[in-house]
Amino acid sequence: DTAVSQTPKYLVTQMGNDKSIKCEQNLGHDTMYWYKQDSKKFLKIMFSYNNKELIINETVPNRFSPKSPDKAHLNLHINSLELGDSAVYFCASSQRVAGTSNEKLFFGSGTQLSVL
Amino acid sequence: AQTVTQSQPEMSVQEAETVTLSCTYDTSESDYYLFWYKQPPSRQMILVIRQEAYKQQNATENRFSVNFQKAAKSFSLKISDSQLGDAAMYFCAYTPRAGSYQLTFGKGTKLSVIP
């Protein structure tokens, strides 16, 4: 069973369109994330979200918005797509247990977004 | 702000030999985690090894070990008995212990393994 699953794996779209990438985790984790990997392979956090708090990286344009219908899902909506949005987007999840160091970050397999 | 620096964009190693990938970081936190992730061409992010800053003992996972120098803010990865399947991008990453797992990544080192 896949722990963190993203769909679609590949997304090709025209500039100006609105698109969504879905993410689901079956681990019961409290916190989910979106990371962006650019064409130079540089990975950068975009958002972290749990049921209490959304933390947004200040460099992320407001055309990007995470939406969480429930604890197991964190979808990424992108409005008015631009050429520079082409990248691989990774979803991830984690669970911190107070008093232990038994914590791990689980990544999805990534969504390659190409904006034409 | 935390930064992670990998000064070697590319490295190569002969099969069965040992290679060391370098990583330095900058933080004002005293308690944090450091990681090495492997990303093969399949794109999957695979955790190789994790180090907790409060532990003086260097982490090891089979053929992978780290040299963690907290005072120098250095965290290198040693791969022993290199195998063809080790060829990948390797990313060093950092997160403070407090709060959520917002990793700060280095720019990566592309490792090639020569048969």
Side-chain angles (χ1 to χ4, degrees), chain A residues 2-6 9-10 25 27 29-60 66 74 87-113, chain B residues 1-11 21 23 25 31-57 59 61 68 87-112:
Chain A
T2 304
V4 182
S5 59
Q6 296 179 228
K9 292 193 184 304
Y10 299 93
Q25 53 96 3
L27 299 165
H29 287 172
D30 281 339
T31 307
M32 297 182 72
Y33 310 80
W34 279 102
Y35 285 83
K36 177 181 179 181
Q37 186 173 37
D38 64 22
S39 58
K40 295 182 179 179
K41 302 290 187 183
F42 184 49
L43 271 155
K44 196 168 184 180
I45 182 77
M46 298 177 72
F47 307 99
S48 68
Y49 182 81
N50 62 24
N51 57 6
K52 298 173 187 174
E53 187 178 21
L54 170 67
I55 300 174
I56 304 172
N57 185 312
E58 65 273 8
T59 65
V60 175
L74 184 66
V88 179
Y89 293 84
F90 286 95
C91 179
S93 73
S94 69
Q95 177 72 42
R96 288 211 157 166
V97 180
T100 78
S101 60
N102 187 24
E103 308 150 23
K104 285 183 72 174
L105 185 67
F106 289 80
F107 280 91
S109 57
T111 296
Q112 172 124 34
L113 171 65
Chain B
Q2 298 94 3
T3 58
V4 177
T5 302
Q6 293 178 249
S7 58
Q8 306 151 316
E10 295 188 29
M11 294 278 286
L21 308 185
C23 174
Y25 59 95
D31 202 3
Y32 47 86
Y33 297 112
L34 295 164
F35 310 85
W36 280 97
Y37 277 89
K38 171 185 177 182
Q39 187 179 41
S42 67
R43 200 171 69 200
Q44 183 69 42
M45 293 294 290
I46 302 166
L47 177 64
V48 175
I49 203 164
R50 183 179 84 162
Q51 175 79 41
E52 294 156 69
Y54 68 87
K55 290 187 176 178
Q56 292 188 336
Q57 186 173 9
E61 286 287 342
F68 173 48
M89 284 290 290
Y90 286 82
F91 293 95
C92 180
Y94 159 97
T95 188
R97 185 180 172 92
S100 62
Y101 248 52
Q102 292 201 51
L103 268 61
T104 299
F105 284 90
K107 293 190 174 182
T109 297
K110 183 177 180 181
L111 179 66
S112 302

Counting only non-hydrogen atoms closer than 4.5 Å, does [X] touch chain B with its backbone (N, CA, C, O), its side chain (CB onward), both, or neither?
X	value
A:Phe106	neither
A:Phe47	neither
A:Ser109	both
A:Glu53	neither

[X] to [Y] - nearest heavy-atom pair and separation:
X	Y	value
A:Met46	A:Lys36	SD-CB, 3.7 Å
A:Leu74	A:Tyr49	CD1-CD2, 4.0 Å
B:Arg50	B:Ala59	O-CB, 3.3 Å

inquiry  = For a quick check under 3.5 Å, do B:Gln2 and B:Thr104 share a side-chain donor-acceptor pair by atom type?
reply    =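 B:Gln2 vs B:Thr104: no donor-acceptor pair found between side chains.
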remark   = Most contact-rich option vs chain B, by heavy-atom pairs under 4.5 angstrom, among A:Ile55, A:Asn50, A:Thr31, is A:Ile55
ask   = Angle class for the B:Tyr25/B:Phe68 ring planes (parallel below 30°, perpendicular above 60°, tilted otherwise)?
value = parallel
message = Taking side chain as everything from C-beta outward and backbone as N, CA, C, O, which of these in B:Leu47 sits under 4.5 Å from a heavy atom of chain A? Side chain, backbone, both or neither.
response =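 Contact with chain A is through the side chain of B:Leu47 alone.
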